[in-house]
There are 4 protein chains.
Amino acid sequence: MSETKEPWLGELLRLAEAEDPVKTVKQGKILEAAIEIFSEKGYAATSTSEIAQRAGVAEGTIFRHYKTKKDLLLSIAGPIAAKMVAPFLMREFAKIIDFPYNWVEDFFRSIAKDRLIFARQNAKLIKILLHEVPFHPELLEQLKGMLTHIVFHRIEKVVLHFQAQGQVIEAPPWRIMRSAASLFIGMIVTHVFLVPEHPFDEDEEVERTLDILMHGISPAGRNA
Amino acid sequence: MSETKEPWLGELLRLAEAEDPVKTVKQGKILEAAIEIFSEKGYAATSTSEIAQRAGVAEGTIFRHYKTKKDLLLSIAGPIAAKMVAPFLMREFAKIIDFPYNWVEDFFRSIAKDRLIFARQNAKLIKILLHEVPFHPELLEQLKGMLTHIVFHRIEKVVLHFQAQGQVIEAPPWRIMRSAASLFIGMIVTHVFLVPEHPFDEDEEVERTLDILMHGISPAGRNA
Amino acid sequence: MSETKEPWLGELLRLAEAEDPVKTVKQGKILEAAIEIFSEKGYAATSTSEIAQRAGVAEGTIFRHYKTKKDLLLSIAGPIAAKMVAPFLMREFAKIIDFPYNWVEDFFRSIAKDRLIFARQNAKLIKILLHEVPFHPELLEQLKGMLTHIVFHRIEKVVLHFQAQGQVIEAPPWRIMRSAASLFIGMIVTHVFLVPEHPFDEDEEVERTLDILMHGISPAGRNA
Amino acid sequence: MSETKEPWLGELLRLAEAEDPVKTVKQGKILEAAIEIFSEKGYAATSTSEIAQRAGVAEGTIFRHYKTKKDLLLSIAGPIAAKMVAPFLMREFAKIIDFPYNWVEDFFRSIAKDRLIFARQNAKLIKILLHEVPFHPELLEQLKGMLTHIVFHRIEKVVLHFQAQGQVIEAPPWRIMRSAASLFIGMIVTHVFLVPEHPFDEDEEVERTLDILMHGISPAGRNA
DNA sequence: TATGAATGAGTATTCATTCAT
DNA sequence: TATGAATGAATACTCATTCAT
């Protein structure tokens, strides 16, 4: 699978992997403060002066690092969008077809666990991203592009592979993917956003969700 | 199932059924305009002057009918929240256990179709509601309350009923419910919000989603 | 003393004596409410809608009776200004010189008592008048005109009369008048506005104030 | 007379003596403009935009220096209230009893002259203060507190001292004080506020007012 | 790099007043 | 006479952004 036709990749990989490009102490505080407040009240309802205050810097300092308020938002939302799809970008992901997953369950389990952990570690950033995406065309395009061109296409191949092996029913790959995504997102949203205070057995949760993804809620033919 | 202990019901039924309490022509236009713009740019990013302009009224007129901008939001978001859960409120819903659904599929199919249609007819309102809920504690409480006390409790009974009949695997009812909800919401979000322009066969979609809910994506034991 | 040269008088006497020119029940309530609120928060800080609310009438009703908000103020402040100087207008006042006061003390005592009672009965109205007078040229002119042309001139004659009799020291009459006015106003302000809740013996108060007006605070020559 | 029990003093002395705590040029212009307009039309009838215009600054600039319009008022009215009673705060005032005044007249003359000059130099500020005091409880409390705890108590001692010496008639000290205050305020109001354009011999005015305060308007016993 | 005073366009809301009912 | 919906100008205050220091 040659990546050379996808101009996305260079940019994306950089974004996804970038730790950060030389950041002042103050700049770091500004980012922290912005993430906190954006996720609490939403981008539009947050004032730069409030950010400055919580970050402990002067109002003007924000604009020395970020040309506009929107710039600040994009510098937060862009990278997190990239990181959300990062695992699907990995060079090794291409090789998934041969290795290391022999079973669909293993494949989905791996993704589910990984993204659950990721979501828990980046809850605020994800909240910001999801919230602002519909209102900022650039963000929307970026995310849509990444999801369709990178994630969708790649996973589609995996699904087709497992369908060819007879491990997955014959159905349009997008339906399989949407089902898996829905169930996992449902699980993640529940534990990370709806009832984050409620403890739970992570492995068990993933396993049970996986079971329903594979066999549904009907007992019929389970033991067959 | 006596409802007398739930103070929610009176209020909710009123909200859910209320067409509207005597509304000036201008008031109607204000509401329309507000819904349009709130759903386009979000509540916080919408100015009252823009609403007035699009509604073709003076800015002051808005405040004659709604004490504050937030009041206007709540008068939009409150009722739609009520209508979202309305079907689960119906008195007849309680009798679902005996009649008219003999099969889980029938029960879930009925809900899925109904809510899909509802979502399509109220896409903008739902978008507003979901978007603002995390930022307005009153809304959050209202919705949480409705979902847990009304929807959850009622569906739980139905699930237990079908589990007793052996139509549903033994698992905590909330897991069954979450799975169904996730899959249906995934379907609705896709068709109503992500690719609304893409036509689709509604019955087929519901049927296929239902199939996965019941039997999963594994071919194993399907014909058993 | 021919009054024909003073165009003030006709108008003033009418104002001072007028009970009220046919007043609707609602109009009465509006006036009451306006007086109450004007005296509480000042004219400029009072909104017509608040007046309407406290009066229990519709907003529009106020403007049916008073063309503007200022009109309402003037209909309150004008009459009270007239009533403040009313006693000095009385036809009989002219005859004071002959009768019924043989002693300055009697003259001042009579005025002091009368105006003290008046102030207590009209505290709110007086507060409004004094407060708004500097900001409304019409009011200022009206009051100034009344004070100089009516009150000042008349009392001046009385003072001159008592000076001729040797009951009052030789000094410009205005100084005598200002001294008396200052002392009595100090007394009235104290009891009506500063410490209205503090009870006091009215006669005693007037008598003591009068004593100081006549003989000062020095004991020298008192018994002479 | 130990002041240590009066927590007022520290605060008050600071207020009364403070020239100003580092003030931008623009801030100064804002203050000037506000004083001018507040005294012309009253606080409530003055708009911040008008102040900004007259001060030659942007409207936003006002709010950088004063959080609210009321804040601006208080920053004007607070200090002037303190300065009004400042002379009575002076440490030397306590020693008045021994020195330098041997005669009541000297004591009152000194205060009268000083406050007359002060009033003339601060006419606008005093007008603002007196006008707004009844409508702003904080101001009212501040002024009341200062007048009763500082001014009243201190002058009372002086009066008692002169009564003991036989220079002042036996009467409740507050009556003596009120009489003096009334006469002096009458004089000040006349010359500073009512007819400021009318020139007058300051010393003569004070002397004549003092004479009436001491001996009243009756000629009886004057030469005794 | 960092500050914070300054800006002026923009904000939600209130106002006195009008007018059709 | 009385109402209250409608107005649009005005209000106090906030905003993102600039710039001299």
Side-chain angles (χ1 to χ4, degrees), chain A residues 23-27 29-30 44-53 55-72, chain B residues 22-27 29-30 44-53 55-72, chain C residues 24-27 29-30 44-53 55-72, chain D residues 22-27 29-30 44-52 55-72:
Chain A
K23 236 168 39 189
T24 321
V25 181
K26 302 244 169 190
Q27 191 170 1
K29 290 199 170 177
I30 290 169
T46 299
S47 77
T48 49
S49 86
E50 196 181 351
I51 295 171
Q53 205 174 321
V57 306
E59 298 200 35
T61 307
I62 292 176
F63 293 91
R64 187 146 299 277
H65 295 288
Y66 306 92
K67 269 217 306 282
T68 64
K69 187 187 165 194
K70 183 146 194 178
D71 227 54
L72 177 54
Chain B
V22 210
K23 236 168 39 187
T24 314
V25 182
K26 305 245 168 189
Q27 191 172 359
K29 291 198 171 179
I30 290 169
T46 299
S47 77
T48 52
S49 87
E50 197 180 353
I51 296 172
Q53 206 174 321
V57 306
E59 207 168 346
T61 307
I62 293 176
F63 294 93
R64 175 155 297 277
H65 296 289
Y66 305 93
K67 274 214 303 279
T68 63
K69 187 187 162 194
K70 182 148 193 179
D71 225 52
L72 176 54
Chain C
T24 321
V25 182
K26 302 244 170 191
Q27 191 170 1
K29 289 199 173 178
I30 290 169
T46 299
S47 77
T48 49
S49 86
E50 196 180 353
I51 296 172
Q53 204 174 320
V57 306
E59 298 200 34
T61 308
I62 292 176
F63 293 91
R64 187 147 300 279
H65 295 289
Y66 305 92
K67 268 215 309 281
T68 65
K69 186 186 163 195
K70 182 145 192 178
D71 226 52
L72 176 54
Chain D
V22 209
K23 232 169 39 186
T24 315
V25 182
K26 304 245 168 189
Q27 190 170 2
K29 290 197 173 181
I30 290 168
T46 299
S47 77
T48 51
S49 86
E50 197 179 352
I51 295 172
V57 306
E59 206 168 346
T61 307
I62 293 176
F63 293 94
R64 174 155 298 277
H65 296 290
Y66 305 93
K67 274 214 303 282
T68 63
K69 187 186 161 195
K70 183 148 191 178
D71 224 53
L72 176 53

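Nearest heavy atom pair, residue C:Ala44 against residue D:Ala44, reads CB-CB, 3.7 Å. Contact detail for B:Ile30 and B:Ile51: the closest heavy-atom pair is O-CG2, 4.0 Å. The heavy-atom pair separating B:Lys26 from B:Gly56 by the smallest distance is NZ-O, 4.2 Å.
C:Glu59 and C:Thr48 are not linked by any side-chain donor-acceptor pair at a separation below 3.5 angstrom, with hydrogens and angles left out of the test.
Checking the phosphate oxygens (OP1, OP2) of E:dC15, a side-chain nitrogen or oxygen of C:Ser47 falls inside 4.0 Å. The phosphate of F:dT7 (OP1 or OP2) has a side-chain N or O of B:Lys26 nearer than 4.0 angstrom.
Annotation: of the two residues near DNA chain E, B:Lys70 and D:Thr24, the 5′-most nearest-nucleotide partner is D:Thr24.
Contacts with DNA chain E (heavy atom under 4.0 Å) in residues 55-66 of chain B: B:Glu59, B:Gly60, B:Phe63, listed by number.
B:Thr61 places none of its side-chain heavy atoms less than 4.5 Å from the side chain of B:Thr24.
Other residues, nucleotides and ligands contribute over 12 non-hydrogen atoms within 6.0 Å of the CD atom of A:Glu50.
Using a 4.0 Å heavy-atom distance criterion, D:Thr48 is classed as a base contact.
With the 3.5 Å cutoff on both pairing distances, Watson-Crick and G-U pairs in DNA chain E assemble into runs of at least 3 at E:2-21 with F:2-21.
Rounded to whole Å, atom C1' of F:dC13 lies 13 Å from atom CG of D:Leu72. Between the P atom of E:dA5 and the NZ atom of D:Lys23 lies a distance of 15 Å, rounded to the nearest Å. When rounded to the nearest whole Å, the span between CD of B:Gln27 and P of F:dG4 equals 15 Å. Atom CD1 of A:Ile30 and atom P of F:dT17 are 14 Å apart (whole Å). Between D:Lys67 atom NZ and F:dT14 atom P there is a gap of 10 Å when expressed in whole angstrom units. Atoms NZ (B:Lys69) and P (E:dG10) sit 15 Å apart, rounded to a whole Å. Atom CD1 of C:Ile51 is separated from atom C1' of E:dT14 by 14 Å (rounded to the nearest Å). When the P atom of E:dA6 is taken as reference, atom NZ of D:Lys29 falls 11 Å away, rounded to whole Å.
Using modelled atom types, one side-chain atom of A:Lys69 and one backbone atom of A:Thr46 make a donor-acceptor pair closer than 3.5 Å.
In this structure, the separation between CG on D:Leu72 and OH on D:Tyr66 is 6.0 Å, given to the nearest 0.5 Å.
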